[in-house]
2 protein chains.
Amino acid sequence: MVKIVANAHQAALEAASEGARKAASERTFFNIGKAAKASELPVKTVRYYADVGLVEPAARSKAGYRLYDEIDIERLRFIKSARSFDFSVDDCRELLGFYQNDQRSSRDVKQMALKRLTEIDQKMRELEKLRQELARLAHACPGDEHPGCPILGSFARS
Amino acid sequence: MVKIVANAHQAALEAASEGARKAASERTFFNIGKAAKASELPVKTVRYYADVGLVEPAARSKAGYRLYDEIDIERLRFIKSARSFDFSVDDCRELLGFYQNDQRSSRDVKQMALKRLTEIDQKMRELEKLRQELARLAHACPGDEHPGCPILGSFARS
DNA sequence: TATAGAGATTCCAGTTACTGGAGAGTCAAG
DNA sequence: CTTGACTCTCCAGTAACTGGAATCTCTATA
């Protein structure tokens, strides 16, 4: 039996009792609005992830509505987390692949994490340099009604 | 006397008809390649800045070549510096406006610098949080040939 | 049952600051 | 006169969405 949940109240009920009943032949679908809410992503973004083949809905309704099952929603949540670390969408695709592959090695995942980490470190070093220099300039600037300004001066000179 | 560099023999005429911005005598023009080299910007970028009205060439040759004078090149260099602090192109437009306006107040410039500074600080705080959390996860990951991985686990859970 | 309103669809455009490339014209040197 | 280096304009693509238009579809209510 296939169930489609499109109503908020009903969806809540289904979601609530989700753990209790994964009875074999029963399947609960969520349309995009519910999937978005459940994964805390904007609808537009969920649709985008489907478009780029990152998380495609398990099915479509007769009317063409995207239908997400619980595993899809898990995937969406996974992506949301990975994206929050600024992994690119492509990296997310790869991470999701690892996630779904129980033959993976944690080595591969760790490698990606370390790579991302060095990128973050690099970015932070750059920002720190900018911050220092800009702070120095701002500090030297009187910030009054006169035109004399070491910030502009520095930009002009360098 | 008007001096023209880089194949721009018609520039004199055009510049003259535009009205003298430099007292009547010597004017040297550079075509986009020279201007790019002088400002250490890619040709494409210089052209782009012209397109978006950030730094428009003082003149055009008969054949339609962009002709930059020294002041233009100063502007390009100014923009390059400002951009290196990650001021947006719009902010650069504003900063350039200040730079070229001797009625400016250093207050306005300083305000922009401080705003940029808080943005940088904000970004650094975010990155620092990411870095810590990701480092924690990576540290906890064995990085071996087994599938068990706290990084994936964390993404799945959160 | 008619209908209003919420929510879904696709497709297109815009965001930022460029960058790459095609096809064509221009210039100086040999 | 040809060659090669430059330059021109215009179009497309980048990353990861986001906004909006025009058009269904579903459901709750009068």
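Values below: all heavy atoms of this structure, side chains included; hydrogens, waters and symmetry mates excluded. Just so it is clear: chains get the letters A, B, ... in the order the sequence lines come, proteins before strands, and each one is counted from 1.
In this structure, the helix from dT1(C)-dA30(D) to dG30(C)-dC1(D) shows an angle of 30° between the axis at its start and the axis at its end, each fitted on 5 base pairs and rounded to 10°.
Heavy-atom distances under 4.0 Å link DNA chain C to no residue of residues 119-134 of chain A. Within residues 37-46 of chain A, the residues approached by DNA chain D to less than 4.0 Å at the level of any non-hydrogen atom are Pro42(A), Lys44(A), Thr45(A), in residue-number order. Remark: Arg83(A), Ser88(A), Val89(A) in residues 80-92 of chain A come within less than 4.0 Å of DNA chain D through at least one heavy atom.
Phosphate proximity of dT7(D) to Arg66(B): absent, as no side-chain N or O sits under 4.0 Å from OP1 or OP2. Taking 4.0 angstrom as the limit, Arg60(B) places a side-chain polar atom (N or O) nearer than this to OP1 or OP2 of dT9(D). Contact annotation: Tyr65(A) side-chain N/O to dC24(D) OP1/OP2 distance is not under 4.0 Å. Phosphate contact (OP1/OP2 of dA16(D), side-chain N/O of Tyr49(A), threshold under 4.0 Å): absent.
Applying the ring pair (Phe, Tyr, Trp, His ring centres under 6.0 Å) test to pairs two or more places apart or on separate chains, none has a residue in residues 106-143 of chain A. The side chain to side chain donor-acceptor pair (under 3.5 Å) pairs that include a residue from residues 42-52 of chain B number zero, where partners must be two or more places apart or lie in different chains. Identified under the ring pair (Phe, Tyr, Trp, His ring centres under 6.0 Å) test for residues 96-126 of chain B, with sequence neighbours left out: Phe78(B)-Tyr99(B).
Taking the side chain as every heavy atom from C-beta outward, Val89(B) and Arg83(B) approach each other to under 4.5 Å.
Both Arg47(B) and Ile32(A) sit near DNA chain C, but only Ile32(A) has its closest nucleotide nearer the 5' end.
Under the side-chain hydrogen bond (donor to acceptor under 3.5 Å, both in side chains) criterion, Ser81(A) pairs with Ser158(B), not counting sequence neighbours. Residues satisfying the salt bridge (Lys or Arg N to Asp or Glu O under 4.0 Å) test with Glu56(A), not counting sequence neighbours, are none. Evaluation of the side-chain hydrogen bond (donor to acceptor under 3.5 Å, both in side chains) rule for Arg107(B) yields no partner, not counting sequence neighbours.
Linking Ile, Leu, Val, Met, Phe, Trp and Tyr whenever their side-chain heavy atoms come within less than 4.5 Å puts Leu95(B) and Ile120(B) in one cluster.
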Quick one: side chains of residues 141-153 of chain B, donor-acceptor pairs under 3.5 Å with protein atoms, not counting sequence neighbours, listed by atom name and distance.
unit_1, atom_1, unit_2, atom_2, d
Asp144(B), OD1, Ser106(A), OG, 3.1
Asp144(B), OD1, His146(B), N, 2.9

Would you mind writing out the side-chain donor-acceptor pairs for residues 129-138 of chain A within the sub-3.5 Å range, not counting sequence neighbours?
unit_1, atom_1, unit_2, atom_2, d
Gln132(A), NE2, Glu128(A), OE2, 3.4
Glu133(A), OE1, Arg136(A), NE, 3.2
Glu133(A), OE2, Arg136(A), NH2, 2.9

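Separating the OH atom of Tyr48(B) from the P atom of dA12(D) is a distance of 18 Å, rounded to the nearest angstrom.
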